[in-house]
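No hydrogens, no waters, no symmetry mates; every other heavy atom, side chains included, goes into these values. We number each residue from 1, following the sequence as shown.
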Amino acid sequence: MRAPSGILRHFFLTLLALWLSLGLSLAPASADTRVALVIGNGAYVSTAQLPNPSHDAEDVAASLKRSGFEVFQGIDLRQADMQDLTIRFARAASRADVAMFYYSGHAMQYNGVNYLMPVDAVLTDEADLKRFVRVDDIVNDLQQAKNLRILVLDSCRDNPLAETLKRSAGSTRAASIGRGLSKVEAPRGTIVSFSTQSGQVAADGTGRNSPYTTAFLKHIEEPQEIGDVFRDISSDVYDSSGKTQLPELSLSIIGKFYLNGPVTVAPAAPQAAPKADPCAAAEAHWKAAEGIGTLGAFEDHLARFPNCIFATLAKARIEGLKQKVALAPSGNARTTGSKDFDGSWDVTLNCPASGKAQGFTRPLVATVTNGVFHAEVQGPGGVNRLEIDGQIPADGKTTLSARGTTGASTYTLNNLAPGSPYAFTVDAQFDRTRGSGKRNEARACNLVFVKR
């Protein structure tokens, strides 16, 4: 039954009066001082114009204002105007708790130094780089803020002027002019986010905003911890680009910070040990997992770093490996298993020494019933488990699936910690003759199958 509209109106007016009487505000509360410099350069005089930066700057500035920032905004800035605005921003940052710099437009790297390009800049030789704004100077300005500093560069687009400088420098002396931007490590208390990885070129996009700015606008006002916000931005860009553009993200912050939602939580007291960033080791672990390349390695990465930047990639790798096993030759289907190999089999798992890990030999007893192969063994306490399954067609050629968890011995498969899950496939050839067997190479160990 619906209440009369007059009663509802009276209720809401009463609630509003109570809210105001308590001194509460309907606007987002911000106890800190926040400043931001937002620049969008697209109307270039001497190189290709960009359609998105002006829209990017307008929309980002509006979003940051809603989050309590005092915003210095510039669109299509010439050299003098760009320098003047960065000076004003530096003075404001020295009085702020939170400072952010957001740039959309052309940029380039030269000898490992990143430069931002005013719309009237020309580039005939190295001396003209003095007309550009050095990213290092912006980073230094940001460091004056007391608590949190954020550097965002949606500027890794291909810059035709870089080729002009490369030709000029090539005739005089050696110089390094790479694609995109060179990597910037975040100083303490800073977040650095590039629209794509260092040395790569980002897409302009076809809509009002670039792909990176689209993701930034989607997440920046969410009431989440700032590190999670930027991880979500990176994941969105990676997914929307068809997994071709992965933003470069470097975080070096202590404590939790919120632009919207919960009040900023101060860092731990000096005598207390700082809480480690849960994603600090994600990149190194991901590189190791890719080097191993097994299903278990990617599952281990996802279990350790479920909310970090490579989680989406890990899920994709896991799904791909599972599909590879599922799409094994049709002879592996249970309905086509051959009874010719039914019986008991002796299986020997022979893992050689690897680095500091000692090798071992592990026997298993397998059974084949109606063409279905199964072998398993389990150590004390449910760890050091191994299972091998598959179906054997009439020709004896098949792919088996092995999975399990590592034990507490000195040998751990692919350097995984004891109790870590692992999996791999084995291409096997079975022989009907009793007492014969085939040696089959696996990714980490050898399996020997011998019919009893």
Side-chain angles (χ1 to χ4, degrees), residues 28-37 63-64 67-70 89-90 92-103 114 135-153 182-195 197-198 215-216 219-236 246-288 301-311:
S30 174
D32 49 19
T33 302
R34 305 173 177 183
V35 297
L37 173 55
S63 176
L64 295 181
S67 295
F69 280 84
E70 176 190 358
F89 172 69
S94 66
R95 302 186 297 272
D97 298 298
V98 180
M100 179 186 297
F101 178 84
Y102 194 105
Y103 177 81
N114 295 320
V135 173
D136 289 346
D137 293 338
I138 298 297
V139 172
N140 290 335
D141 293 340
L142 286 170
Q143 296 314 295
Q144 300 182 81
K146 299 179 181 65
N147 291 331
L148 178 64
R149 309 103 185 183
I150 303 173
L151 172 68
V152 179
L153 300 182
S182 61
K183 187 171 183 177
V184 174
E185 295 292 347
R188 184 172 180 177
T190 305
I191 296 174
V192 175
S193 181
F194 288 4
S195 56
Q197 290 179 302
S198 55
F216 181 91
H219 293 286
I220 196 63
E221 295 184 57
E222 292 179 346
Q224 297 188 54
E225 198 277 325
I226 191 64
D228 292 336
V229 168
F230 275 94
R231 293 184 191 99
D232 289 343
I233 292 171
S234 297
S235 295
D236 260 21
L246 178 63
E248 184 91 49
L249 180 60
S250 177
L251 300 94
S252 179
I253 53 178
I254 302 173
K256 294 183 178 181
F257 295 87
Y258 295 81
L259 295 185
N260 297 281
V263 178
T264 303
V265 178
Q271 65 272 18
K275 185 177 179 181
D277 180 3
C279 293
E283 182 176 0
H285 191 277
W286 173 252
K287 290 179 180 178
H301 180 86
L302 189 60
R304 293 171 184 262
F305 306 99
N307 300 314
C308 300
I309 189 170
F310 296 103

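- Considering all non-hydrogen atoms of both residues, S252 and A186 come closest at CB-O, 3.5 Å.
- With contacts defined as side-chain heavy-atom distances shorter than 4.5 Å, the pair S193/L249 qualifies.
- S250 places no side-chain N or O within donor-acceptor distance of the main-chain N or O of V192, the cut-off being under 3.5 Å.
- Note that the CG atom of L302 and the CH2 atom of W286 stand 9.5 Å from one another [nearest 0.5 Å].
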Q) Checking side-chain contact (heavy atoms from CB on, under 4.5 Å) for the pair V98/F69: CA distance, chi angles, key distance, verdict? A) CA-CA 9 Å; V98 180; F69 280 84; 4.0 Å; yes

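- In this structure, the side chain of D97 does not engage the main chain of K146 through any donor-acceptor pair within 3.5 Å.
- When every heavy atom of C308 is checked against every heavy atom of P278, the shortest pair comes out as SG-O, 4.0 Å.
- Between H301 and F305, the ring planes lie tilted relative to each other; the angle falls in the 30° to 60° range.
- For the pair I226 and I150, the minimum side-chain heavy-atom distance is below 4.5 Å.
- Taking CD1 of I138 as the reference point, atom CG of L151 lies at 8.0 Å (rounded to 0.5 Å).
- Taking CG of D141 as the reference point, atom CZ of F89 lies at 7.0 Å (rounded to 0.5 Å).
- Side chain of R304 to backbone of A282: no donor-acceptor contact under 3.5 angstrom is found.
- The line from CG of D228 to CG of N307 is 6.5 Å long, rounded to the nearest 0.5 Å.
- Closest non-hydrogen pair, E225 versus G255, comes out as OE2-O, 4.2 Å.
- Within the 3.5 Å criterion, the main-chain N or O of L259 finds a donor-acceptor partner in the side chain of R34.
- Distance check, rounded to the nearest 0.5 Å: NE2 of H219 to CZ of R231 gives 13.5 Å.
- Nearest heavy-atom pair across L246 and F310 is CD2-CE2, 4.2 Å.
- The two residues F101 and L142 make their nearest non-hydrogen contact at N-CD2, 4.0 Å.
- I253 approaches F257 most closely through the heavy-atom pair CB-CE1, 4.5 Å.
- Of the possible polar contacts, one joining the Q144 side chain to the A90 backbone as a donor-acceptor pair under 3.5 Å is found.
- Rounding to the nearest 0.5 Å places CD1 of I254 at 10.0 Å from CG of D277.
- A 4.5 Å side-chain heavy-atom check between V229 and Y258 finds every atom pair outside the cut-off.
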